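Source: prediction; values computed, not measured.
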Amino acid sequence: MRIGSAVQYDRYGGFDVVELVPQEKPEPGPGEVVVEVSVAGLNHIERFLREGQLREFIDLEFPAHQGVDFAGVVRARGADVRDLHVGDEVMGHAPHGGSHATWVTVPRGAVVKKPSTMTFEVAGSLYLAGCTALSVVRSLKLGPADTVVISAAAGGVGHIECQLARDTGATVIGLGSPRNHDALRQIGVLPVAYGEGEEQRIRDIAEDRPITAFIDNREHGENVELASRLGVDPKRFVSSEDRRDLEIRFLRAPGDDTEAAEMLTTLGDLVQRHKVQFIISGYYPFEYIVDAYEDLAEMHSRGKVVVGMQPVETGARLHWYKSEKSRDLRDPVS
């Protein structure tokens, strides 16, 4: 029998509590599918959960299993699952965690078919960041008359929000580090650097357009006053706490959550039609998942960090997995 691996932790804590434990291939129950994971995404909120920062929102049972996003291949299905077959490529979410593993068992409703032209790297990290971003943008009901400012615009959620907002016809102004400005321009965003004078820089780049909405992806609510000075209606200000609540909602969405499935399908279609360009800034072999989370914790990654369960290597390893990352740890937070 082939033995795989799964990420597990038996107490709250930092990276020191994370361990890879052996995993036998599971058997599906009624209404379930077993997916062999190809790629799984990493999310900040999963780290916060492991560290115990979300105890008031989510009760963890130990040992706990990490990971919500994934894409892979169906390897087994419950007898009553008729619309998926062994060998189908799917993407989805693990309602109780556990996607950072060789195999994950989930309810049939927790997965949708992966678009044939979408890479596993994108499909495996699309769910949580994508559904959060889509919920935020839909809540603002943006249109061509709007000009929206988005902070941390090059981040995992932010870069998706920017493109979804742009697709409504709105003018999008992205707050971010100068090193990310070219990337933001490439997705149709007007970039503005953080720091002293940012309010005037926003007004200058907006020209005569009023700022009608603000999405704040930075922690601690530091942009509330900035949005107020720009004249944004408080009802059209999305705070980092609002985003956190959405992430928690999708982090633990049940397997029969039809809204989550609809959103993931919509996002897949947008990516396939090149309406959304999904940025992968770091790709790590599964055995280096702690390195991947340490990378993510630096808060400098552009787009998403992912782990691949069966990466193909060519030549000597020698840290090849870190060699071409599109971020520089010397730069300030994106």
Side-chain angles (χ1 to χ4, degrees), residues 5-23 37 40-70 92-102 104-106 110 124-125 127-133 135-136 151-152 155-158 216-224 238-255 257 260 281-282 284 286-301 303-307 309 329 333-334:
S5 301
V7 171
Q8 181 175 291
Y9 55 100
D10 60 7
R11 64 192 185 281
Y12 291 114
F15 301 120
D16 58 308
V17 306
V18 174
E19 59 179 342
L20 282 177
V21 299
Q23 180 192 36
V37 180
L42 277 65
N43 299 282
H44 291 292
I45 200 165
E46 294 166 343
R47 174 170 62 88
F48 301 154
L49 178 64
R50 189 189 66 242
E51 292 173 345
Q53 298 184 40
L54 302 178
R55 295 187 202 195
E56 62 180 301
F57 305 104
I58 298 175
D59 290 324
L60 273 184
E61 292 185 9
F62 296 112
H65 298 92
Q66 188 172 270
V68 62
D69 303 333
F70 69 89
H93 73 283
H96 302 291
S99 70
H100 295 165
T102 304
V104 64
T105 304
V106 296
S125 55
Y127 168 74
L128 187 60
C131 288
T132 300
S135 292
V136 167
S151 68
V157 174
D216 188 11
N217 290 305
R218 290 171 69 92
E219 297 180 13
H220 313 306
E222 57 194 71
N223 284 314
V224 175
V238 180
S239 69
S240 58
E241 288 78 14
D242 295 329
R243 167 183 157 170
R244 177 207 61 202
D245 292 344
L246 285 169
E247 286 183 299
I248 290 173
R249 174 257 188 278
F250 289 111
L251 185 68
R252 286 296 186 257
D257 192 317
S281 74
Y284 290 78
F286 184 33
E287 65 192 276
Y288 289 99
I289 191 166
V290 170
D291 298 74
Y293 260 106
E294 287 177 341
D295 177 3
L296 189 69
E298 293 286 347
M299 306 291 283
H300 295 282
S301 291
K304 295 289 293 180
V305 174
V306 304
V307 290
M309 294 0 189
L329 297 184
V333 176
S334 300

Taking [X] for the side chain and [Y] for the main chain, is one N or O donor matched with an acceptor at less than 3.5 Å?
X: Asp295; Y: Ala292; result: no
X: Ser99; Y: Asp69; result: yes
X: Ser125; Y: Gly41; result: no
X: Gln23; Y: Thr102; result: yes
X: Ser151; Y: Asn217; result: yes

Would you indicate whether the side-chain heavy atoms of [Y] and [X] approach each other to under 4.5 Å?
X: Leu246; Y: Val136; answer: yes
X: Val7; Y: Leu20; answer: yes
X: Arg47; Y: Leu296; answer: no
X: Phe57; Y: Leu49; answer: no
X: Leu251; Y: Asn43; answer: no
X: Val157; Y: His44; answer: no

Say you draw a straight line from [atom1] of [X] to [atom2] of [Y]; how long is it, rounded to the nearest 0.5 Å?
X: Ser239; Y: Arg244; atom1: OG; atom2: CZ; value: 8.0 Å
X: Ile248; Y: Phe48; atom1: CD1; atom2: CZ; value: 10.5 Å
X: His100; Y: Gln8; atom1: NE2; atom2: CD; value: 14.5 Å
X: Glu287; Y: Ser5; atom1: CD; atom2: OG; value: 9.0 Å

Name all pairs fulfilling the salt bridge (charged side-chain N to carboxylate O under 4.0 Å, His left out) condition that reach into residues 8-21, sequence neighbours left out, sorted by first residue then second.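 Found none.
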Cation over ring, Arg50 on Tyr293, under 6.0 Å and within 45°?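 Flagged: Arg50 positioned over aromatic ring of Tyr293.
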With sequence neighbours excluded, what pairs up with Glu46 under the salt bridge (Lys or Arg N to Asp or Glu O under 4.0 Å) test?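 Partners of Glu46 by the salt bridge (Lys or Arg N to Asp or Glu O under 4.0 Å) criterion come out as none, since no residue qualifies.
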So Phe250 and Tyr127, would you call those rings parallel, tilted or perpendicular, with 30° and 60° as cut-offs?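 Rings of Phe250 and Tyr127: perpendicular, over 60°.
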Test Arg249 against Asp257 for side chain to side chain contact (heavy atoms under 4.5 Å, CB included), laying out the working first. CA-CA 11 Å; Arg249 174 257 188 278; Asp257 192 317; 2.6 Å; yes
Kindly indicate, with the supporting measurements, whether the criterion side chain to side chain contact (heavy atoms under 4.5 Å, CB included) is fulfilled by Val106 and His96. CA-CA 9 Å; Val106 296; His96 302 291; over 6 Å; no
